[in-house]
Undergrad: 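Here it is, the structure, as structure tokens.
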Amino acid sequence: MIGAGKILSGRYKVVDKIGQGGMQEVFRAHDLIIDKLVAVKTPLQGQASRRFKQSAILASRVNNHGTARTLDYFDEEGFPFLVEEFVEGETLDKSIIEFAGYVDPPFGAILFGILAKGIAASHHVGVVHRDLKPSNILVSGAFSLSAVKITDFGIATLAKEILDQEIEGTSDITKSTSGTVKGAIPFMAPEMMFRKKDLEIGTPADIWSLGCMMFYVLSGRHPYGVGMDAVLAIGNNDRAAWPRFMTMNSQFSPVAEALQGIVERCLSLDPADRPTANELVRMISDICIFSSPRIAGKINSMPNKYFGFIGNHGGGQTMFHRDSVYGPNNAEISRRVVFSRSPGSPHSRAFPVLVQRHK
């Protein structure tokens with residue numbers, strides 16, 4: 001039993017339990033040697049763990065500002081533990097996607113540029129994640145993107161072992177009771193989903209998963225659905241259409257169309273047709289975007305249907321035009337917004353503006 005105050009490996013003092021997924025428990029701990037917080041992870045009892053040490057060794061090779069570093073591995077009382085950089089934040093779903101249900105194209109380009117660089121760094125050292133999904137992306141500072149970290153490189157190899165067992169044991173993986181399998185399906189590359197025995201899953205699988213996340217974050221929908229719908233849709237090459245709101249506003253359409261083109265390549269059914277992580281980084285970097293910091297506020301007045309004013313944290317007013325609002329969420333008084341601010345007279349100007357969806 002791991003509880004607050006327990007010292008692991010004579011070094012890591014458990015502060016509290018901060019999460020539990022389909023295959024692991026995660027604890028916040030204080031590293032007594034270097035006086036820093038760390039995340040300590042261990043497989044759930046009954047989960048496969050024979051490759052856990054090998055996974056930790058592989059994951060420790062990855063060192064990039066867009067990835068959570070693997071710091072240590074040890075066994076204690078018959079259980080394996082992995083120590084990872086502690087990221088103060090929430091998952092991509094909770095920190096970003098839940099706000100509006102989607103993001104505007106300029107923000108999407110910034111976000112996925114960071115993720116692509118993290119994946120490129122892992123591929124450079126021969127590490128394939130194989131379990132990329134929003135729950136494995138941690139974000140500090142929400143829309144300020146103080147830090148964006150891909151996590152669970154060590155756990156991901158373990159996840160592949162579980163996926164292998166589930167896929168080999170049933171013709172319908174959507175009936176699996178494994179939380180790992182259910183969470184992975186909407187982002188799982190077809191070569192994993194319909195894998196032939198002994199086929200090695202390589203770097204293109206991560207590119208597919210990243211493309212699925214890009215589609216999901218930009219559009220608010222899964223490209224192939226979830227569960228059995230995803231399996232059938234991928235098998236039939238039946239992908240969801242991009243929503244019209246992405247390109248109907250000329251202020252956003254150039255970046256939206258550029259990102260859509262990149263995602264189309266990432267979602268090529270043939271792994272050989274997908275870009276490499278390096279190519280992905282270059283394609284995203286070539287997009288010209290508006291990249292001012294994002295701040296939060298609330299719409300406090302709308303004199304007419306064309307423009308309104310946002311009350312800023314710290315005081316002051318920022319004017320916005322309705323055409324600067326991205327997506328189908330309506331700009332209404334008292335709605336929370338996230339926006340970039342530029343100088344103006346007599347008021348600063350907001351562009352782009354992302355409106356919180358109704359809950």
Undergrad: Flag the pair Pro243 / Arg221 as yes when at least one side-chain heavy-atom distance between them is below 4.5 Å, and no otherwise.
TA: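 Contact flag for Pro243/Arg221 side chains = yes.
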Undergrad: Between Thr247 and Gln260, is the side chain to side chain contact (heavy atoms under 4.5 Å, CB included) condition met? List the steps.
TA: CA-CA 10 Å; Thr247 53; Gln260 288 175 354; 4.0 Å; yes
Undergrad: Does Phe86 share a hydrophobic cluster with Val40, counting links as ILVMFWY side-chain heavy atoms below 4.5 Å and allowing steps through other members?
TA: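 Looking at the clustering, Val40 is in a separate group from Phe86.
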Undergrad: A quick test of your reading: do over 12 heavy atoms of other residues, nucleotides or ligands sit less than 6.0 Å from NZ of Lys17?
TA: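 Atom NZ in Lys17 is packed in, count exceeds 12.
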Undergrad: Hydrophobic side-chain clustering at under 4.5 Å (ILVMFWY, transitive links): who's grouped with Leu32? Put none if nobody.
TA: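 Cluster partners of Leu32: Ile7.
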Undergrad: Is any side-chain heavy atom of Phe187 less than 4.5 Å from a side-chain heavy atom of Leu132?
TA: no
Undergrad: Show your working on side chain to side chain contact (heavy atoms under 4.5 Å, CB included) between Val128 and Ser122 and close with a plain yes or no.
TA: CA-CA 7 Å; Val128 183; Ser122 72; over 6 Å; no
Undergrad: In terms of hydrophobic clusters joined by side-chain contacts under 4.5 Å, are Tyr216 and Phe252 together?
TA: yes
Undergrad: Write down the atom of Phe309, the atom of His347, and the distance for their closest heavy-atom approach.
TA: CE2-CD2, 3.5 Å
Undergrad: Determine, step by step, whether Phe27 and Tyr12 satisfy the side chain to side chain contact (heavy atoms under 4.5 Å, CB included) criterion, reporting the C-alpha distance in whole Å, the side-chain angles of both residues, the deciding distance to 0.1 Å, and the verdict.
TA: CA-CA 10 Å; Phe27 300 88; Tyr12 305 107; over 6 Å; no
Undergrad: Is it possible for you to say whether Val281 and Ile289 belong to one hydrophobic cluster, with membership spreading through side-chain heavy-atom contacts below 4.5 Å?
TA: no
Undergrad: Going from NE2 on His129 to OG1 on Thr151, what distance comes out if it is rounded to the nearest 0.5 angstrom?
TA: 6.0 Å
Undergrad: Side chains of His358 and Arg335: any donor to acceptor distance under 3.5 Å?
TA: yes
Undergrad: On a heavy-atom basis, which atom in Asn300 and which in Ile333 lie closest, and how many Å separate them?
TA: O-CG2, 4.1 Å
Undergrad: Considering all heavy atoms of both residues, which atom of Ser144 and which atom of Gly141 are nearest to each other, and what is their separation?
TA: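 Nearest heavy atoms, Ser144 then Gly141: OG-O, 2.6 Å.
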Undergrad: What verdict does the side chain to side chain contact (heavy atoms under 4.5 Å, CB included) test give for Leu8 and Val14, after you've listed the backbone C-alpha separation in whole Å, the side-chain angles of each residue and the deciding distance to 0.1 Å?
TA: CA-CA 8 Å; Leu8 300 170; Val14 175; 3.9 Å; yes
Undergrad: Check Gly225 against Ala230 and note the closest heavy-atom contact, atom names and distance.
TA: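 So the minimum-distance heavy-atom pair works out to O-CB, 3.4 Å.
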Undergrad: Ignoring hydrogens, what is the shortest heavy-atom contact between Arg274 and Ser268? Give both atom names and the distance.
TA: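 Distance-wise, the nearest heavy atoms are NE-O, 2.8 Å.
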Undergrad: Nearest heavy-atom pair of Trp208 and Met188: which atoms, and what distance?
TA: NE1-O, 3.2 Å
Undergrad: Relative to the ring of Tyr102, is the ring of Tyr326 parallel (under 30°), tilted (30 to 60°) or perpendicular (over 60°)?
TA: perpendicular
Undergrad: Would you kindly say whether Thr91 and Ser135 are connected by a side-chain donor-acceptor distance under 3.5 Å?
TA: no
Undergrad: Angle between ring planes, Phe107 versus Phe143, binned at 30° and 60°: parallel, tilted or perpendicular?
TA: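 Rings of Phe107 and Phe143: tilted, as their planes differ by 30° to 60°.
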Undergrad: With rounding to the nearest 0.5 angstrom, report the CZ to CE distance, Arg349 to Met319.
TA: 5.0 Å
Undergrad: Could you check whether Glu264 and Trp242, counting side-chain N and O atoms only, form a donor-acceptor pair closer than 3.5 Å?
TA: yes
Undergrad: So if you build clusters from Ile, Leu, Val, Met, Phe, Trp, Tyr with side-chain heavy-atom gaps below 4.5 Å, do Ile114 and Leu92 land together?
TA: yes
